[in-house]
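Following: one structure in structure tokens, then a few remarks.
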Amino acid sequence: MGLLSTVISCSGPQQHIDLLIVNGKVYNGTDAEPSEVAIGLKDDKIVFVGDKSENITAQKTIDASGLIVSPGFIDPHTHADRDLNKPEIAHNLPFLMQGITTTIVGNDGNSFYPLSKYKQLYAEQGIGTNVVPLLGHHEIIKAVLGRSDKRPSPSEIEKMQQLVQKEMEAGAFGMSTGLYYAPGSYSQTNEVVALAKVVAQNGGVYDTHLRDEGSSNVGLVNAVKEAIEIGQQAKLPIHISHIKCLGVDVWHKSDSIIKLVESARAKGLEVTANQYPYDASATSLNAAVSPRWAESGGKDSLLIRAKDPKIKKKVFTETKKNITKRGGPDKLLIVKCDDNRFLGKTLLEASKTLEIPPEEAVYPILETGYVRVASFNMNPYDIENFMKQDWVVTGSDGNTGHPRKYGSFPRKYHKYVKQDGVMDLATFINGSTSKTAKIFRIPNRGEIKEGYFADIIIFNPNTFKDKADYSDAFQFSEGLEYSIINGKVSVEKGEFTKNLNGRVLEK
Ligand SMILES: [Zn+2]
């Protein structure tokens with residue numbers, strides 16, 4: 001191979017490129033083994049992968065001796081869109097420093113709407129990573145039905161379908177749902193199918209936060225069945241976001257979930273999932289523990305019901321049940337709250353401060369504003385069981401207050417590849433790059449291959465590691481030496497170059 005390519009290139013013309021990466025251990029995103037090829041970039045593309053020939057001259061050469069070269073990571077589930085429209089943090093550094101070059105946004109049913117407006121904003125203002133936009137189911141519901149739990153009429157369904165069509169035409173890669181959350185939770189399966197069919201006609205993907213990840217309503221198993229049924233009926237690929245067994249009631253159910261997914265896949269259905277490598281989930285305090293019916297009309301209505309002498313007892317009783325399902329008030333850590341009396345405390349500690357039971361304390365805490373909790377509710381058995389499946393890819397669900405926003409990909413490498421040996425390095429890289437690109441139909445990304453877009457990262461295998469934890473969730477990961485996005489250098493020798501090289505990607 002070496003001799004042959006040298007001979008060929010000697011007879012070929014001189015090639016001038018922008019950037020050459022040499023001497024690295026190259027994982028190309030699909031193969032099981034690395035190779036020691038050189039990689040040449042010109043403009044925004046990879047133009048050369050092979051043995052370096054003397055006929056190549058490059059403006060700049062990166063010597064990657066002792067380092068790992070990989071396609072840039074693609075993160076299938078983020079809430080980065082909450083940062084990207086703020087110019088001062090549009091660099092997307094928490095993700096960028098993990099080696100992520102493309103963030104999928106608009107997950108859990110929530111997207112910035114309408115998409116056309118945000119695409120224009122990102123283009124004008126610049127963004128630090130690429131963006132793959134999804135359309136959020138909640139936005140469509142809110143536009144037609146508001147936040148109430150009323151059922152849509154046939155003409156309202158049609159109206160929603162038209163809005164879905166419009167967003168798909170504007171460039172959405174698919175639709176996300178958050179059927180656990182209001183108002184998505186009020187939607188019945190057939191109503192979701194009606195909208196998913198429009199997504200399918202446009203070649204899109206269905207990404208879902210399941211109706212139930214534990215034992216809150218229909219139960220985890222039924223929620224997975226519902227997702228598969230939506231895929232079957234609407235005829236589109238199903239992607240389950242942040243797959244998990246949430247709460248003691250469903251611990252060790254990963255085996256049955258895996259069987260369900262495997263049998264759907266055997267029938268030809270495309271069912272995949274993403275997962276973040278942490279044993280705590282994170283969500284708003286009300287979504288975690290308040291009964292969904294009490295939220296009809298929005299959070300203000302919830303707070304009114306929690307004070308209503310006729311209703312509050314029922315609200316508290318159900319809140320208490322939900323707290324128990326999540327492992328108890330000592331397993332809920334308040335990670336975002338404007339009131340410093342509660343921030344950094346468990347719900348149990350906060351309730352002691354207020355001198356009322358935890359299920360009642362939830363409501364005065366919610367009155368201080370938007371409150372998020374880390375909820376310690378997962379079991380290592382299920383985490384590793386899901387992680388080993390070849391249809392499960394890495395995701396962060398990166399959201400403010402949880403360390404996963406800053407550490408997911410390096411943590412998976414450091415803990416699950418290096419320390420615990422749950423998977424090898426190539427499996428981790430392939431499941432963080434090309435597989436994700438295929439699931440979301442992202443063209444020409446996720447591999448180191450001639451003709452592909454030049455999204456490449458270089459990290460130090462000895463130091464690549466997450467630093468964020470629950471006590472300080474805002475620490476950048478370390479060990480990333482280079483990040484190249486669309487052929488331009490975004491991180492050089494571990495430092496952000498301050499160039500915003502991201503784009504909103506096209507289908
Ligand atoms: Zn979610």
Side-chain angles (χ1 to χ4, degrees), residues 1-2 4-62 64 67-76 99-104 123 127 129-133 171 173 203 205 393 426 429-459 482-491 499 501-507:
M1 173 68 195
L4 187 66
S5 64
T6 308
V7 171
I8 289 168
S9 52
C10 279
S11 58
Q14 194 82 12
Q15 200 179 356
H16 302 286
I17 61 170
D18 299 331
L19 187 63
L20 187 67
I21 302 166
V22 294
N23 302 329
K25 215 180 208 188
V26 179
Y27 287 79
N28 67 5
T30 55
D31 292 352
E33 297 292 336
S35 63
E36 274 168 20
V37 289
I39 304 161
L41 315 181
K42 189 170 170 54
D43 302 323
D44 59 357
K45 297 273 169 51
I46 298 168
V47 293
F48 173 83
V49 180
D51 293 340
K52 185 197 169 320
S53 81
E54 271 144 30
N55 286 356
I56 291 182
T57 53
Q59 290 250 317
K60 181 185 171 94
T61 298
I62 295 174
L67 304 175
I68 305 289
V69 182
S70 155
F73 297 143
I74 301 176
D75 190 342
I100 294 162
T101 54
T102 298
T103 47
I104 290 172
I127 47 178
T129 61
N130 295 321
V131 156
V132 167
F173 279 63
V205 179
V393 299
I429 288 178
N430 299 351
S432 304
T433 56
S434 69
K435 272 191 194 173
T436 316
K438 284 197 183 81
I439 290 168
F440 283 91
R441 281 44 178 173
I442 304 168
N444 302 326
R445 307 232 177 214
E447 290 180 48
I448 294 182
K449 191 172 172 182
E450 284 176 17
Y452 270 49
F453 286 98
D455 293 345
I456 294 175
I457 56 167
I458 303 176
F459 62 88
Y482 286 87
S483 175
I484 297 156
I485 301 182
N486 295 308
K488 304 280 182 295
V489 180
S490 291
V491 173
N499 297 319
N501 297 323
R503 294 176 189 166
V504 178
L505 302 187
E506 302 290 337
K507 285 183 276 187

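From a predicted model like this one, the values you see are computed outputs, not experimental measurements.
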Completion exercise
By side-chain hydrogen bond (donor to acceptor under 3.5 Å, both in side chains), Asp75 pairs with (sequence neighbours left out) Ser396
Exercise for the section: Look at the side chain of Asp455 and the backbone N and O of Gly72, then say whether any donor-acceptor pair between them is shorter than 3.5 Å. Expected result: no
Practice task
Compare every heavy atom of Asn499 with every heavy atom of Ser490, then report the nearest pair and how far apart it is.
Solution key: OG-O, 4.0 Å
Exercise for the section: Give the intermediate values and the outcome of side-chain contact (heavy atoms from CB on, under 4.5 Å) for residues Val489 and Ile484. Expected result: CA-CA 4 Å; Val489 180; Ile484 297 156; 4.2 Å; yes
Exercise for the section: Mind listing the closest non-hydrogen atom pair of Pro76 and Phe440 along with its distance? Expected result: CB-CE1, 3.6 Å
Exercise for the section: Check side-chain hydrogen bond (donor to acceptor under 3.5 Å, both in side chains) between Ser70 and all other residues, then give those that pass, not counting sequence neighbours. Expected result: none
Problem - Heavy-atom donor-acceptor pair, Asn130 side chain to Gly502 backbone, under 3.5 Å - result: no
Exercise for the section: Of all the heavy-atom pairs spanning Thr433 and Ile74, show the shortest one and how long it is. Expected result: O-CD1, 3.6 Å
Problem - Pairwise distance CD1(Ile21) to NZ(Lys52) - rounded to 0.5 angstrom - result: 13.5 Å
Problem - Phe453 six-ring face occupied by Lys45 cation (under 6.0 Å, within 45°) - result: yes
Fill in the blank from the handout: Distance col, row Ile39:CD1 vs Ile46:CD1, nearest 0.5 angstrom, shows 6.5 Å
Handout entry: Straight-line distance of Leu41 CG to Ile62 CD1, nearest 0.5 Å
Key = 8.0 Å
Practice task
For the pair Ser434 (side chain) and Gly29 (backbone), establish whether a donor and an acceptor sit closer than 3.5 Å, ignoring hydrogens and angles.
Solution key: yes
Exercise for the section: Please check if atom NZ in Lys488 has more than 12 non-hydrogen atoms from other residues, nucleotides or ligands closer than 6.0 Å. Expected result: yes
Exercise for the section: Please confirm whether the backbone N or O of Gly487 pairs with a side-chain atom of Asp44, one donor and one acceptor, at under 3.5 Å? Expected result: no
Fill in the blank from the handout: CD1 (Ile56) and NE2 (His16) are apart, to the nearest 0.5 Å, by 11.0 Å
Handout entry: From CG (Asn430) to NZ (Lys435), nearest 0.5 Å
Key = 6.5 Å
Fill in the blank from the handout: Residues Ile439 and Val205: closest non-hydrogen pair is O-CG2, 3.5 Å
Completion exercise
Closest non-hydrogen contact found for Ala38 with Leu20 is CB-CD1, 4.4 Å
Exercise for the section: Give the C-alpha distance, both sets of side-chain angles, the deciding distance and a yes or no for side-chain contact (heavy atoms from CB on, under 4.5 Å) between Val47 and Gln15. Expected result: CA-CA 10 Å; Val47 293; Gln15 200 179 356; 4.2 Å; yes
Problem - For Tyr482, all residues meeting ring-ring contact (aromatic ring centres under 6.0 Å, His included), sequence neighbours excluded - result: none
Exercise for the section: Report the distance from atom NZ of Lys507 to atom CZ of Phe173, rounding to the nearest 0.5 Å. Expected result: 7.0 Å
Fill in the blank from the handout: Closest heavy-atom pair, Arg445 versus Leu505, reported as atoms and distance to 0.1 Å, is NH2-CD2, 3.3 Å
Exercise for the section: Please examine the side chains of Ile100 and Ser483, heavy atoms only from C-beta on, and report whether any two atoms are closer than 4.5 Å. Expected result: no
Practice task
Please report the C-alpha distance between Asn28 and Glu447 in whole Å, then the side-chain angles of each, then the deciding distance to 0.1 Å, and finally whether the side-chain contact (heavy atoms from CB on, under 4.5 Å) criterion is met.
Solution key: CA-CA 5 Å; Asn28 67 5; Glu447 290 180 48; 5.9 Å; no
